[in-house]
Amino acid sequence: KNEVEQSPQNLTAQEGEFITINCSYSVGISALHWLQQHPGGGIVSLFMLSSGKKKHGRLIATINIQEKHSSLHITASHPRDSAVYICAVPSSGNTGKLIFGQGTTLQVKP
Amino acid sequence: NAGVMQNPRHLVRRRGQEARLRCSPMKGHSHVYWYRQLPEEGLKFMVYLQKENIIDESGMPKERFSAEFPKEGPSILRIQQVVRGDSAAYFCASSRDTLYGYTFGSGTRLTVV
């Protein structure tokens, strides 16, 4: 079993829809990261959160430490949101290295 | 602040050649991480360095791969005698310390022909 599991693996939405991507992890963590990667592009760090909820524009990330679960929400989705969204957690040992989920490929159609 | 700079963006090498990938961390960041993304696979940790020290290289292949982060200059990931299986995107990330967020570079896409 992977230490970080994301669902769904692929997601297609119509422009304007509300989107939720889920991430479950099995290790104890200090913080969880949500990353975005466009096709052939670099990686952008969207959020780092250790509790509660964070919001940035149309993006909202929540985390429940007790349940070891996090969600990334996109409100009023737009075709430019089409990308791979990756959840990552630090491995044990406090070295800072990240363990990644397999990613969720999102396509938003106009 | 230019962010994390990786170069080159694209690198083509013939089998048996050496590949050198460079990463300049953000100003003020002394922690550097290298990750590899094989085609159709997720990101995997390779090595974690601080200035002049390798802290964790548990993700590095035992042979042909090495990394350094000298006192002056960028971090270098070196792959000797490249093989087709080394073709991947290599990403560098930096942070101020392990408690802070990371900034990723744009990656170097290595193609071995």
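Order of the sequence lines sets the chain letters (A, B, ...), proteins ahead of strands, with each chain counted from 1.
The aromatic rings of A/Phe100 and B/Tyr35 lie perpendicular to each other, with more than 60° between the two planes, well past the 30° mark.
Around atom NZ of B/Lys51, more than 12 heavy atoms belonging to other residues, nucleotides or ligands sit under 6.0 Å away. Atom CZ of B/Arg15 has 12 or fewer neighbouring heavy atoms from other residues, nucleotides or ligands inside a 6.0 Å radius.
For B/Gln37, the part lying near chain A is the side chain, with the backbone staying farther off; criterion is any non-hydrogen pair under 4.5 Å. Interface residue B/Ser58: only side-chain heavy atoms are found under 4.5 Å from chain A. Heavy atoms closer than 4.5 Å to chain B are found nowhere in A/Ile99, neither backbone nor side chain.
Top candidate by heavy-atom pairs under 4.5 Å with chain B, chosen from A/Ser45, A/Gly41, A/Gly103, is A/Gly41.
A salt bridge does not link B/Arg13 with B/Asp86: every distance from a Lys NZ or Arg NE/NH1/NH2 to an Asp or Glu carboxylate oxygen is 4.0 Å or more.
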